[in-house]
Structures are given as C-alpha cells and as structure tokens.
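Remarks on the structure that follows.
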Amino acid sequence: MTNVRRVARYGALLLITAVFVTPLVWMALTSLKTYEDAQQDPPSWLPHPFSTYGFDQILNNTANPVLRWFLNSMLAASLHTLLVLVTASMAAYALARLRFRGRKVSFALIVGTLFLPPTSLIIPNFVIADQLGWIDTLTVIVVPGAASAFGVFFLRQFFLSIPAELEEAAVLDGANHWQVFSQVLLPLSKPALATLAVLSFLTNWNDFLWPVYVLFSPERLTLPAGLGLLQGAYVTDYPVIMAGAVLASVPVLILFVLAQRHIIQGVSRSGLKG
Amino acid sequence: MADVIEVGAARGDAPPPAGRTRRRGATERGHRATPYLFLAPYLVLFLVFGLAPILFGIWISLHQWDLQLPNRPFIGLENYRDLFSSDSADYADWWSSVRATAIFTVLSVPLLVVVPLGLALLLNEKFPGRTFFRAAFFAPYVLGVAVIGLLWRFLLDANLGLVNRLLGAVGLPADTPWVTDVPWAWVSLVGVTVWWTCGFNAVIYLAGLQDIPAELYEAARVDGATAWDRFRHVTLPGLRPVLLFVLTTTILASANVFGQSFLITQGAPGEQTRTVVWRIVDEGLRNYDVGQASAMSVLFALLLAVVSIVNFRLFRYRED
C-alpha cells in the first residue's frame, strides 16, 4: 500500500517536473544551436554541433548592445536593492521600536498601499518622473519602485519578533538609536535582509512593463526591455533570441539556487505570517 | 513578488506588554526628532512615488491632459464619460480590453487556485527529494515575463515550436495556431501563466498546510474519516485564510496581466487578447494622453478594490 503510493507519488512528481523544467532546458539547448540546426523537423534535442552562434550574434551586435543592457540591468537592480534595504530597514526600525506622533497613521498608509494594484500608479508615476527629468535615465529604473511598502512591512514584522531585551543591554551601555539599529538589530536580521534583498533584486531585474515604456535610447535599456527589440531584429532566429533569454535568466537562476531556501521561506512567510 | 499582500497583518505578532514599556524607556533617551530621521528617507520615496501618485492620478483624470500639449483644461468627468459612451473614440478599444482581461482572469484564477493546491498536497509529507521538487516547480517563477514570453512564443510557434512538433510526433494535429487564433491564444496565455506562477501559490499553500495541527488529522483518522473526509473537514477549513490570500492575490495578478499577451500573442488575433493594462499604458505612455489613461486606471483600481472587498466579505461571512 505505502509502496504503491510512494511509486505513484514519485511518478507524478517526475512527470510534473518534466513539464516545469523541459521548456527551460529547451531554451538553453537552443541557445547553443546553429540557425539551421534550430530549424530541423523533427527537432534535434542536443545541438549538432554545439555552437556559439547565438551568443556571438548578441554579444557582438552594435545595433542591439546586449552586453550593455546586461550591465544596465545589473547596476539598476543592485542600486535599487541597496536603496530598498537602507530606506525600508530604517523606516521599519522607527515603526517597530520607536514611539512618535503619527506612527499609527504612517503605518496604516504604508500598509494600505499594499492593497493597490501597482499598475494604477504607473501613469501618475510616469508624469512625476517626467517632471523630474528622469525619463530615459537609469534613475527612473532604480528609484520609483524603491518606495517598497512590502519591504517596510516585512522588516517591521521581523524586527518585532526580536526580543527588545537585546537592545536594552546596548542602551544601558550608552548606545544611541543609530548604534542600536546598526550594531544590534541589523546583524540579528540578516535572514530577513537577505530575503528582502533577493526579492528586490529579482523584481527589479525582471521588471518589464515600466522599462519598456520609460526607456527609449538603445544604450540605456535594461535587458528585459531590450529582449523585445532582439525578437524584432531576429524574428525567427531562435538561437539568437534564446541566447538573450539565457543571458537574462542566468543571474536570477544562480541567485535562486544560492538563496533557494530563503526565497521560498521568505515568500511563504511574507504571504502569511510576518 | 513585491506585490505580495499580507493577510495576516492584523494578527501579526503583537509585542509582549513588558517589551513595550521597556521600549518606551529606551525611546525617551533619544532626541524627539530621532524617529522622524529614521523614517525620512523612506517617507520621501513613499510620498513622492506611493502616496502622491494616488491623488495625482485622480487629479490628472479630471483634466484633458496630453503630455505634448501645454494646456491642461479641467474637464470634470469627461474622460470617464468617454469610456461609457459608445460614440467616443476610446469606447470600443477600452471595452475590448476589459473583455480580454475578464476572459483571462476567469479562465486562469480557478486553475491557479486549484492546481497549486494539488501540488502542495503532493509535496506536503516529508520524503527524500522534496526540496528538489519544490525548487523545480518554483524555478520558472524567478524568471521574468520577458524571458518566459520569448521562450513560449518560440515553443508555441505553429511551425518551429516544440509543442506542435511533439504533438505531431505522437500523431496528434501538429498545426494548431497557438498564438494567432482564438480560442488557442487563450489556452496559450492561461497555460503559460499557470506554468509560470503556479509554484508561487504552491509554496504559500505548503506554508499553510504546515500550520494545520497534526492532531486534527489524527483525531479524524481515529474517527474513521477517509482521506477525502480529512481533506474536506480538516485541510480545507484549516487553509481558509490561505485560500483567501491566494484567491485575492491571484485575481489581482491575473487582472494585471500584460507581458504575456504583449509578447506571446502580441494582442492577436486582431486586438482580442490586448488587455486593460496594455490599453492603459499605450494610451498614457505611448499616445501621451495621460488624462484618459488615468481615468482608465482609476476605474480599473476601483473595480479591483470592489472584487477584493467582495472576496473578503464572502470568506468572512462563511467563517461566522
């Protein structure tokens, strides 16, 4: 009975895994094919021969500077993540540990915006960014999205779970709030900060809608925004397009593998617990 | 992922009373401005890009506001009226996008609520390889819509795509127009979205399942309950808050669909799979008619707010 169930479970799981993973494997394999090889019917699974054609095309292309897009994305996502961590952790400290007039109102307003569909802010945010002269710059990718209500909320909940006694000792030793925050609370919050960092990086790296509409100059695009151009330029040259997709996937897949446990726990915890 | 909403907010860990008094003691040591200094960097961002846009968006929607024109006369509700009067230029496109979004949402939400639950039940017990499977199901979610869009545009290509070729290899029709004709375009958009995001909901269900006390299952078993009985009378009630969360966030996410139709079906056939968000950003960020686009956004946000409130009401009601 239990053996039958076990076999049935593994059978089902392997089948489902194939459905989830095969497209990704196909993407990677196609990126290593020649143009002709990718056109074969029936398709060959393994590239014959393995070819760097797709990657050569995208990396040595001056009309579509893919490497530049990659670096833009890397810089934007890193700065964005840093900005989220600094501003959200400081705000979360104030909201979790300090008493001041307006604390409840600020917290309610911040949490309230969590329930807004993010798309409803896109148009006014575009007008504001336009007024600030940020359209078609890196700043517009880094800054507006960093007003992360989720980040503040997530860190505040985590800070609340840390016993205040630990900070008490530091205060008795004469530490001020900044020292308590930076030398006691932050080191104790590494798992939460790491989770938020990974989630912020992923979100910013993968963002598509906003960069597609706020960036115009070919040399300023982020990688996801640029991939659309690549598809237009290489309509059915799939090794080239898949090479671009692989380039956009590798950093986040590496990040996912390294931080897998944190990401999955962070997702379930941020969703339901706190 | 940043749009994750906290349902358990209200029942978040309340600090113990002892900690609270002590914390007040600690606070009084600091300068009165200290809390505001800590809050300031975030608050600037939040006011400019979180709170102001809400009010500013409503303000813009009441004006004839074209980014390329210097004058922005106040026109009251005219932008809204245009969306409801069939003689306006925006009417047909707007309601066609509402229809597309509604079709997508109605088709995808049930699957995105049920399929991940099945996955989570399959993964809930401890067994070797559990972490591997969990990661495999979650992996597509960490890729952006740009990547999964390009990938599936390729896989669903009628001639070169793997899907039709595999179907042909097993003797099924190999010429389905997955991205260029309905209903196939809807099957594609919904199927890809389920593939892409169902690991996310599964992980949330898993967390919920682990919070259901094992004793409840034991008691049910002792009472002779079948597996189905245990699912109906222990698992489902235990998951109610999680189900509410998954349902609400999934409806919001599905209603906001953009990238999949932009990249995979490219709106085809005709404009039939062009969604509300696509319509809004095209009107505002490509045609620069931000007044009209803001009216669309406000209407859309109101509609989604109503759906969420109904959701909460229904679930609350059943709980009483």
Side-chain angles (χ1 to χ4, degrees), chain A residues 13 17 20-21 23 26-27 43 87-88 90-91 93-94 97-100 113-115 117-121 123-127 144 146-148 150 153 157 160-161 164 168 171 177 199 202-203 206 208-209 213 224 227 231 238 241 245 248-249 252 256 260 264 267-268 270-274, chain B residues 1-6 8-9 12-13 15 19 22-24 26-27 30 34-35 38-39 41-42 45-46 49-50 53 56-57 60 122 133 135-138 140 142-147 150-151 154-155 162 165 203-204 207 242 245 252 256 258-259 277 281 284-285 290 293-294 297 301 304:
Chain A
L13 286 170
T17 306
F20 278 90
V21 173
W26 189 249
M27 168 173 83
T87 58
M90 286 173 62
Y93 176 71
R97 287 292 198 254
L98 307 177
R99 328 222 108 224
F100 57 94
T113 57
L114 276 174
F115 290 87
T119 43
S120 62
L121 300 182
I123 301 294
N125 266 331
F126 181 87
V127 179
S148 166
F150 166 74
F153 183 78
Q157 297 302 98
L160 286 177
S161 72
E168 271 308 291
V171 171
H177 281 296
L199 292 178
L202 284 178
T203 309
N206 285 330
F208 178 68
L209 171 60
Y213 283 95
L227 287 179
Q231 191 188 23
Y238 283 112
I241 299 169
S249 312
V252 285
F256 174 59
Q260 194 224 109
I264 291 183
V267 165
S268 52
S270 62
L272 297 149
K273 298 168 185 174
Chain B
M1 259 182 267
D3 337 318
V4 172
I5 296 172
E6 228 290 18
D13 319 8
R22 250 179 231 155
R23 211 172 301 136
R24 182 178 298 153
T27 312
T34 308
F38 270 98
L39 209 54
Y42 175 77
L45 280 180
F46 178 72
F49 298 107
F56 191 38
I60 295 174
L122 207 57
F133 290 115
F137 299 162
F138 195 80
V142 303
L143 302 183
V145 75
V147 168
L150 290 192
L151 173 58
F154 171 38
L155 293 170
L162 189 63
R165 287 158 161 209
V203 163
I204 295 188
V242 185
F245 173 80
L252 282 181
N256 276 292
F258 162 75
V277 169
V281 290
L285 313 187
V290 291
S294 292
S297 304
L304 292 183

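This structure is a prediction, so every number in the text was calculated from the model and none was measured. Reminder, nothing fancy here: chain letters follow the sequence lines and each chain counts from 1.
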query = Which heavy atom of A/Ile241 sits nearest a heavy atom of B/Leu150, and at what distance?
reply = CG2-CD1, 3.6 Å

key: Partners passing ring pair (Phe, Tyr, Trp, His ring centres under 6.0 Å) against A/Tyr238 (at least two apart in sequence or in another chain)   = B/Phe154

task = Return the option, out of A/Ser249, A/Pro224, A/Pro144, with the maximum number of heavy-atom pairs under 4.5 Å with chain B.
result = A/Pro144

request  = Only counting residues at least two apart or in another chain, list the ones meeting side chain to side chain donor-acceptor pair (under 3.5 Å) with A/Thr17.
outcome  = none

task = Calculate, to the nearest 0.5 Å, the distance between atoms CG and CZ belonging to A/Leu121 and B/Phe49 respectively.
result = 11.5 Å

task = Side chain from CB out, backbone as N, CA, C, O: work out which of these in A/Thr113 comes under 4.5 Å of a heavy atom of chain B, or both, or neither.
result = side chain

key: Top of A/Ala146, A/Ala91, A/Ala245, A/Ala94 for chain B proximity - count of heavy-atom pairs under 4.5 angstrom   = A/Ala91

request  = For residues B/Ser294 and A/Ile123, report the shortest heavy-atom separation together with the two atoms involved.
outcome  = OG-CG2, 3.4 Å

query = So do A/Thr119 and B/Phe258 actually touch side chain to side chain, heavy atoms under 4.5 Å?
reply = no

ask   = Once you round to the nearest 0.5 Å, how far does CD1 of A/Ile264 lie from CD1 of B/Ile204?
value = 11.5 Å

query = Do the non-hydrogen side-chain atoms of A/Leu13 and B/Phe137 ever get within less than 4.5 Å of each other?
reply = yes

ask   = Do you know which of B/Val277, B/Val145, B/Ile60, B/Asn256 has the most heavy-atom pairs under 4.5 Å to chain A?
value = B/Asn256

task = Measure across A/Phe208 and B/Ala146 and return the closest heavy-atom pair with its distance rounded to 0.1 Å.
result = CD1-CB, 3.7 Å

query = So, for A/Met90 and B/Pro41, which heavy atoms are closest and what is the spacing to 0.1 Å?
reply = CE-CG, 3.8 Å

key: Among the listed options B/Leu155, B/Leu151, B/Leu304, the residue most often paired with chain A at heavy-atom distances under 4.5 Å   = B/Leu151

request  = Could you have a look at B/Gly144, B/Ala135, B/Ser297, B/Pro53 and say which one has the most heavy-atom pairs with chain A under 4.5 angstrom?
outcome  = B/Pro53

